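One structure below.
Keep in mind the model is a prediction, meaning the values are calculated, not measured. Read the numbers this way: they start at 1 and go in the same order the structure lists the ligands and their atoms.
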Amino acid sequence: MKLRRWLAAGAVAVATAATLNVAPATAGRPYDPAAQSLRDLAKNHGLYLGTAVDMDVLHDATDPRYRELTGSEFSTVTAENAMKWESLEPTRGHYNWGPADELVAFARKHDQRVRGHVLVWQNQLPGWLTSGVADGSISKAELRGILRDHITKVVTHFKGSIWQWDVVNEAVSDPWDTPSTLHYKGFWAEHLGPDYIADAFRWARAADPKALLFYNDYNIEAFGSGNAADDKTQFVYEMARDLLAKRVPIDGIGSQGHLGTQYGNYDTLQVVDALKKFAGLGLATAFTEVDVRSQLTAGVQAGDEAEINPRLQASALNFSILLRACLAERHCLSFTLWGFTDRHSWVPGWFSDPPEGLATVYDENYQPKRAYQEMKADLIFAGPPYVLPRAVQSPRK
Ligand code: XIL
C-alpha cells in the first residue's frame, strides 16, 4: 500500500514536471521532444545536465557556437581548469579570481548551477607550493595551514554560488601503481598523511554550510572483486563509510566517468548497483566528467568507416549506460560531460601514445553524434516506475 502510494506520487511529479516543460504543440504538428535541449529533457527528471567549460574558448569570438551551446544545452557547468589551485593562486598570496568569477556570472545568466572543481588535488598545484615543499622552505606544519587557508579562502569567495564542491579529487591509487595494493596516493597523502581528507571536508563545511561536498574519482563506476585491496570502488566505498562514521561532512561521491571504447563496457545494471550502494550510505552521487575516448588508429585517421563506426557506436552506448544508470538512481543528482565537442576536448592532448580522441557528443563541427541522440532518447523514454524524480539531498552538518 505504502509502496503504491509512493510510486503514484512519483508518477504525478513526473507528469507535472513534463507538462510544465512541454512546448505547446503547434497546429497540425505533434510536439517533438527530440527538438528540446538536453537540459530541458533532463529537467523532466529533476536531473541537472552539465559540461566542463574552457574559459578561453567561451571568450573566443571566432567560435560563437561553443558559447551558445554551453548556455542552451546545459543546466550545470564546471570550470575545466579555472578553479584549480594553479589557476587561482599562481603566485603565492595573489589570487586570480577573474575567469572563475566569469563562469559563475555566465551560469547565473543562463540559470545554471555550478559544480566547484576542485579544492584538493595533487595535480595542477602552483609551482611555488610544490617547489617550496621539495626544497624544505615549506614545512609540514605550514603545509597543513596553507591547505586550510586555501580551502577556506576559495569556498568563502564562492559561497552561495556553488551547488556541489569537489572537495577531494583522485586521492586513491590504481591497481597498476606501485605498490599495487590500493592506497592513498599523491602529494597530500605523502606530506600530510590520509587524515587530510577528513580535514578538507571539515574546513570546506565550516566555510559554506550549504554546498554539497563531494569526493570525486575515476574508475569507480562499478564494483569489482569487492576487496578494497584491488577494487577501487570498494576502497572509496569504505573510505566514505569510515568518514561518515567519524561524522565527517561528506555529502556525495562524484564518479568522473572517463571511459574508453577499447576497454569494453560496463552493463547498466552494474553501474546502477554501485550508485545504489553509495546511496545506501546516505550519499548523493553524480557523474562529473563523462567522456568516452577511442583509439585513433591509422584506419580511423584515414576515414575508414569500418574502423570508425564501431567506435562511435561503442562510444554512444557507453554514454547511454552511465546516463541510464544515473536516471535509475534517485540520488544521482547531475550528469556532467567533460566538454561537449571534439573541437575542444582534453583527450587528444592527454592521450597521445597511441593517439586517442572522438571522446565527446558533438563532432569538431558541432554536429551532434549518435551519442548525443542516444542521450536524448534515454531522457525522453525514461519514467516511472523505475525512473523517478531526484531525491532531495541536504548538506550534512
Ligand atoms: C583536465 C583538463 O581537462 C585539462 O585541460 C588539463 O590540462 C588537465 O586536467 N580528472 C580531473 C580533471 O579531475 O580536472 C582533469 O581535467 C581530467 C581528469
Revision key, fill the gap. Ligand 1 atoms nearer than 4.0 angstrom to some heavy atom of H258 are 18 (C)
Check your understanding: For atom 6 (C) of ligand 1, which protein heavy atom lies nearest, and how many Å away is it?
Key -> N81 OD1, 3.4 Å
Check your understanding: To the nearest 0.5 Å, what is the distance between OG1 (T336) and CD (E289)?
Key -> 9.0 Å
Practice item. Using a strict 4.0 Å cut-off to heavy atoms of K84, name the atoms of ligand 1 that fall inside it. Key: 1 (C), 2 (C), 9 (O), 12 (C), 14 (O), 15 (C), 16 (O)
Exercise for review: Within a distance under 4.0 Å of any heavy atom of E170, pick out the atoms of ligand 1 and give their elements.
Suggested key: 10 (N), 11 (C), 13 (O), 18 (C)
Review point. What protein heavy atom sits nearest atom 3 (O) of ligand 1, and how far off is it?
Key: E80 OE2, 2.5 Å
Check your understanding: So is Y218 close enough to ligand 1, meaning a heavy atom under 4.0 angstrom away?
Key -> no
Review point. Got a donor-acceptor contact below 3.5 angstrom from the R205 side chain to the R396 backbone?
Key: yes
**Study point:** Interfacing atoms of ligand 1 (cut-off 4.0 Å, heavy-atom, N169)
**Key:** 11 (C), 13 (O)
Exercise for review: Measure N123 to ligand 1 on non-hydrogen atoms and call it side chain, backbone, both or neither using the 4.0 Å cut-off.
Suggested key: neither
Point to revise | Between CD on residue E89 and NE2 on residue H94, distance to nearest 0.5 Å | key: 9.0 Å
**Study point:** Aromatic ring pairing W346/W350, orientation class (parallel under 30°, perpendicular over 60°, tilted between)
**Key:** tilted
Point to revise | Within 45° cone of F223 ring axis and under 6.0 Å: K277 NZ or CZ | key: yes
Point to revise | Contacting atoms of ligand 1, where contact means under 4.0 angstrom from a heavy atom of Q256 | key: 10 (N), 13 (O)
Check your understanding: Taking everything shown except R241 itself, do over 12 heavy atoms lie less than 6.0 Å from its CZ?
Key -> yes
Review point. Between Y66 and H344, how do the two ring planes meet: parallel, tilted or perpendicular, split at 30° and 60°?
Key: perpendicular
Exercise for review: Check ligand 1 against E289 and write out every atom of the ligand that is under 4.0 Å from a heavy-atom position of the residue.
Suggested key: 10 (N), 11 (C), 12 (C), 13 (O), 17 (C), 18 (C)
Review point. Is the CZ atom of R370 crowded by more than 12 outside heavy atoms at less than 6.0 Å?
Key: no
**Study point:** Atoms of ligand 1, numbered as shown, that sit under 4.0 Å from any heavy atom of H117
**Key:** 11 (C), 12 (C), 13 (O), 14 (O)
Check your understanding: Identify the closest protein heavy atom to atom 7 (O) of ligand 1: which residue and atom is it, and at what distance?
Key -> W350 NE1, 3.4 Å
